[in-house]
Visitor: 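A single structure is presented below for examination.
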Amino acid sequence: MIGRPPKITRADIAAAVLRIGFADVTIPLVAERLGVTPPTIYRHVPDRATMLSEAWDAVVEDIAWPPLDGHWRDDLLAYAQTLWDALARFPGVVSALSTGLMPARTMDILLRLAVHLHRQGFAMGDAMLVIDTVIDTVIDHRLGIERLDGHTLEPSTSREQMASSWRAGADDPPEVRLAYDAMRDAVEAPPSDWIARKLTLILDGAALRQGPAGPS
């Protein structure tokens, strides 16, 4: 007599995704990991994109996000660094989630940041613009790293190949050679250094949009 299939939950599915890894996960792999059939997984999640989104939400839920009790710039940088570190812990997550909707918990984080910036003098539209730009920059940077480090399903250029492509020719003028060198240095530098410089540039500009702080 065939017994009932093991009971699983959406939390079990999310945990299995994290154990397998975002870059390689498929619904059949999750089913195999949990000892069930793929149709059982589909009874809990309608598709792979939803499955990945819920797995990332589980990650976001467990992150120790910094308190929002300081200057907007310091707090936004701290959130950006925390997000960058979390994405770095799960290679392939940015590529896997890039075609789907933003997970719900991630949206909650952005809304919380928006209120914080608004209370410190930003119009709400500007607050969302600054936050969206910062988060997009973090995600885009991690996506580039995943491609360079081979954490995508499709073939991609390696870090060494990318660095080699930014080598000046013998006939290039000095200013162009400097530009080549600067970009090659960015590819070869620790990724955290380049993203820090990008965020500093963004926030220097964002500070020009800040008005008088409103009531807390």
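Keep in mind that this is a model prediction, so the values were computed, not measured.
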Visitor: Is the shortest heavy-atom distance from the side chain of Ile8 to the side chain of His44 under 4.5 Å?
Guide: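 Yes; the side chains approach each other to less than 4.5 Å.
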Visitor: Does any pair with a residue in residues 70-84 pass salt bridge (charged side-chain N to carboxylate O under 4.0 Å, His left out), and if so which ones, sequence neighbours excluded?
Guide: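 Pairs touching residues 70-84 that pass the test: Arg73-Asp204.
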Visitor: Do Val45 and Tyr42 share a hydrophobic cluster (ILVMFWY, side-chain heavy atoms under 4.5 Å, transitive)?
Guide: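 In one cluster with Val45: Tyr42, yes.
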Visitor: Nearest 0.5 Å please: distance from the CG atom of Leu208 over to the CG atom of Leu203.
Guide: 11.0 Å
Visitor: Show your reasoning for whether side-chain contact (heavy atoms from CB on, under 4.5 Å) applies to Gln210 and Trp72.
Guide: CA-CA 10 Å; Gln210 184 184 15; Trp72 68 267; 3.1 Å; yes
Visitor: Can you hop from Val25 to Leu18 via hydrophobic side chains spaced under 4.5 Å?
Guide: yes
Visitor: What residues form a side-chain contact (heavy atoms from CB on, under 4.5 Å) with Thr26, not counting sequence neighbours?
Guide: Pro28, Leu29
Visitor: Hey, what do you get for CG (Asp69) to NE2 (His116), rounding to the nearest 0.5 Å?
Guide: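 Those atoms lie 7.5 Å apart.
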Visitor: Quick one: pull up OG in Ser53 and CG in Asp47 and give me the separation to the nearest 0.5 Å.
Guide: 9.5 Å
Visitor: Is there a continuous path of hydrophobic side-chain contacts, each under 4.5 Å between heavy atoms, that joins Trp194 to Leu76?
Guide: no
Visitor: Applying a strict under-4.5 Å side-chain criterion to I, L, V, M, F, W and Y, I'd like to know whether Tyr79 and Leu129 cluster together.
Guide: no
Visitor: So does Ala88 get a backbone contact from the side chain of Glu146, meaning a donor-acceptor N/O pair under 3.5 Å?
Guide: no
Visitor: May I have the list of side-chain donor-acceptor pairs in residues 175-184 shorter than 3.5 Å, sequence neighbours left out?
Guide:
from: Arg177; atom 1: NH1; to: Gly169; atom 2: O; distance (Å): 2.9
from: Asp181; atom 1: OD1; to: Arg184; atom 2: NH1; distance (Å): 3.1
from: Asp181; atom 1: OD1; to: Arg184; atom 2: NH2; distance (Å): 3.3
from: Arg184; atom 1: NH1; to: Trp166; atom 2: O; distance (Å): 3.3

Visitor: Can you get from Val94 to Ile109 by hopping between Ile, Leu, Val, Met, Phe, Trp and Tyr side chains that sit under 4.5 Å apart?
Guide: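 Yes; tracing contacts between hydrophobic side chains, which count when under 4.5 Å, links both residues.
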Visitor: Tell me yes or no: between the side chains of His141 and Trp84, is some donor less than 3.5 Å from an acceptor?
Guide: yes
Visitor: With sequence neighbours left out, what residues match Thr133 under side-chain hydrogen bond (donor to acceptor under 3.5 Å, both in side chains)?
Guide: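 With sequence neighbours excluded, Thr133 shows a side-chain hydrogen bond (donor to acceptor under 3.5 Å, both in side chains) to no residue whatsoever.
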Visitor: Is there a donor-acceptor pair under 3.5 Å between the side chain of Arg142 and the backbone N or O of Leu83?
Guide: no
Visitor: Is the number of heavy atoms from other residues, nucleotides or ligands under 6.0 Å of Glu188 CD greater than 12?
Guide: yes
Visitor: Can you give me the closest heavy-atom contact between Pro38 and Ala31, atom names plus distance?
Guide: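 In this case the closest contact between Pro38 and Ala31 is N-CB, 3.6 Å.
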Visitor: Within this structure, what is the NE2-CD1 distance for the pair His118 and Ile131, rounded to the nearest 0.5 Å?
Guide: 11.5 Å
Visitor: Write down the atom of Met128, the atom of Ala114, and the distance for their closest heavy-atom approach.
Guide: SD-CB, 3.3 Å
Visitor: Of all the heavy-atom pairs spanning Asp126 and Arg209, show the shortest one and how long it is.
Guide: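 Result for this residue pair: OD1-NH2, 3.0 Å.
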Visitor: Could you pull out the closest heavy-atom pair between Val130 and Phe122, with the gap in Å?
Guide: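 Where Val130 meets Phe122 most closely, the heavy atoms are CG2-CE2, 4.3 Å.
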Visitor: Can you measure from CZ (Arg33) to CG (Asp12) and round to the nearest 0.5 angstrom?
Guide: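 Taking CZ in Arg33 and CG in Asp12, the distance rounds to 12.5 Å.
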Visitor: With rounding to the nearest 0.5 Å, note down the distance linking CD1 in Ile27 to OG1 in Thr37.
Guide: 11.5 Å
Visitor: Decide if atom CZ of Arg112 counts as having more than 12 heavy atoms of other residues, nucleotides or ligands within a radius under 6.0 Å.
Guide: yes
Visitor: With sequence neighbours left out, write down each residue that passes side-chain contact (heavy atoms from CB on, under 4.5 Å) with Pro46, or none if nothing qualifies.
Guide: Thr50
Visitor: Are side-chain N/O atoms of Arg197 and Thr200 paired as donor and acceptor at under 3.5 Å?
Guide: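 Side chains of Arg197 and Thr200: no pair found under 3.5 Å.
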Visitor: Enumerate donor-acceptor pairs with a distance under 3.5 Å from any side-chain N or O in residues 54-64 to protein atoms, sequence neighbours excluded.
Guide:
from: Glu54; atom 1: OE1; to: Arg10; atom 2: NE; distance (Å): 3.1
from: Glu54; atom 1: OE2; to: Arg10; atom 2: NE; distance (Å): 3.2
from: Glu54; atom 1: OE2; to: Arg10; atom 2: NH2; distance (Å): 2.2
from: Trp56; atom 1: NE1; to: Thr106; atom 2: OG1; distance (Å): 3.3
from: Asp57; atom 1: OD1; to: Arg105; atom 2: N; distance (Å): 3.0
from: Asp57; atom 1: OD2; to: Ala104; atom 2: N; distance (Å): 3.4
from: Glu61; atom 1: OE1; to: Arg105; atom 2: NE; distance (Å): 2.6

